[in-house]
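Before any comments, here is the structure.
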Amino acid sequence: MHRASCIMYHENDMRVGIFGGTFNPIHYGHLRAAEEVREKLGLDRILFIPSGTPPLKTEELTEAVHRYKMTRLAVVTNRFFELSDIECRHPGKSYTVKTVEELKKTSPGIDFLFILGIDAFLDISNWWNPEKLIGLMDFVVIPRSPFRFVDLLSSPYISADEHVLKKLDAAEIESSTIKLKSNRDMIALRLPVIDISATRIRGLLSEGKSIKYLLPEAVESYIISNKLYRS
Ligand code: ATP
């Protein structure tokens, strides 16, 4: 299937990783992590979902249309990557629960897994209806500097064995499947950490500095020609 603005999968038994974010802008930290998760877990596709722009836009959040187009430029070169505008085609706040429910309704044969960094997983208590969210699908949690897997002990949504999390941090094991309180699985997956953040990229741009080698060239060109992230 070609990357389409409205994703509808029909094949059965496909496993698709959902990778959501503001992607403001998308960078090699996102892309490499998505590729490694896909390969390590044998997923059929990764579906990138840029978030919408809330009406009361936070200061640094670039319009959804730009973030969507940059994400498209970044994923188009990988045949396993897809892009969805499910969140950014509507103005307003995106609710992950609603997004996932809609995806499951339109693609009933797909086994969706939700991919996110340790930082984002620790933040889900601030998302809308987290108890419902953790019951909708399995999760894949990946490293994100400066967090460590043991930090997950503070999450109210898992009951993890500290010993196992320490083994992940010490690179003694590659992954561990941990039960979420919803009885769904959370796969904690060790990956090489690529310490790039969109915040840093925006900071460099606002200081007029180079962002080369932090994100795909096509995205860099888009940022320059659209004069994004200038102070
Ligand atoms: P910002 O700096 O603006 O907060 P970000 O770089 O953290 O942005 P997001 O779009 O907020 O990017 O992140 C989307 C998802 O990608 C989150 O689950 C986050 O944990 C993950 N992520 C972001 N950067 C990396 C990275 N370098 N390596 C692995 N995962 C990452």
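Whatever order the structure lists ligands and atoms in, that order sets their numbers, starting from 1. Keep in mind it's a predicted model, so treat the numbers as computed, not measured. For the single chain, residues carry numbers from 1 onward in sequence order.
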Among all protein heavy atoms in this structure, tell me which lies nearest to [atom], with the distance rounded to 0.1 Å.
atom: atom 20 (O) of ligand 1; value: D119 OD1, 2.6 Å
atom: atom 18 (O) of ligand 1; value: G117 N, 3.0 Å
atom: atom 9 (P) of ligand 1; value: H30 NE2, 3.6 Å
atom: atom 23 (C) of ligand 1; value: R144 NH1, 3.1 Å
atom: atom 28 (N) of ligand 1; value: G29 O, 3.6 Å

Where ligand 1 meets [X] - atom numbers and elements under 4.0 angstrom, heavy-atom basis:
X: R202; answer: 3 (O)
X: S197; answer: 2 (O), 6 (O)
X: G21; answer: 10 (O), 14 (C)
X: T22; answer: 9 (P), 10 (O), 11 (O)

What about [X]: any of its N or O atoms under 3.5 Å from an N or O on ligand 1?
X: L116; answer: no
X: I196; answer: yes
X: T199; answer: yes
X: A198; answer: yes
X: D195; answer: no

Do [X] and [Y] sit within salt-bridge range, that is, some charged N less than 4.0 Å from a carboxylate O?
X: E102; Y: K98; result: no
X: E101; Y: K104; result: no
X: D44; Y: R15; result: no

Using the rule side chain to side chain contact (heavy atoms under 4.5 Å, CB included), only one of [options] pairs with [X]; which is it?
X: L47; options: L83, I115, L103; result: L103
X: L133; options: W128, F139, Y95; result: F139
X: Y229; options: L204, I224, I211, L205; result: L205

- prompt: Do R67 and F23 meet the cation-pi criteria used here (NZ or CZ under 6.0 Å from the six-membered ring centre, within 45° of the axis)?
  reply: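 Negative - R67 is either too far from the ring of F23 or too far off its axis.
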Hey, does [X] sit under 4.0 Å from ligand 1 if you only count heavy atoms?
X: F19; value: yes
X: I194; value: yes
X: R200; value: no
X: G20; value: yes
X: R32; value: no
X: P143; value: yes

- prompt: Do any N or O atoms from the side chain of D138 and from the backbone of F114 form a donor-acceptor pair under 3.5 angstrom?
  reply: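 Here the side-chain-to-backbone pair does not exist.
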field: Chi angles and distances behind the side-chain hydrogen bond (donor to acceptor under 3.5 Å, both in side chains) call for T177, D185
entry: CA-CA 6 Å; T177 301; D185 286 339; 5.5 Å; no
- prompt: Centroid-to-centroid, H30 to F48, below 6.0 Å?
  reply: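 No, too far apart.
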message: Under 3.5 Å, is there a donor on one side chain and an acceptor on the other for S51 and E87?
response: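 Result is no, nothing qualifies.
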task: Verify the neighbour count for atom NZ of K40: are there more than 12 heavy atoms of other residues, nucleotides or ligands below 6.0 Å?
output: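 More than 12 heavy atoms, drawn from other residues, nucleotides or ligands, come within 6.0 Å of this atom.
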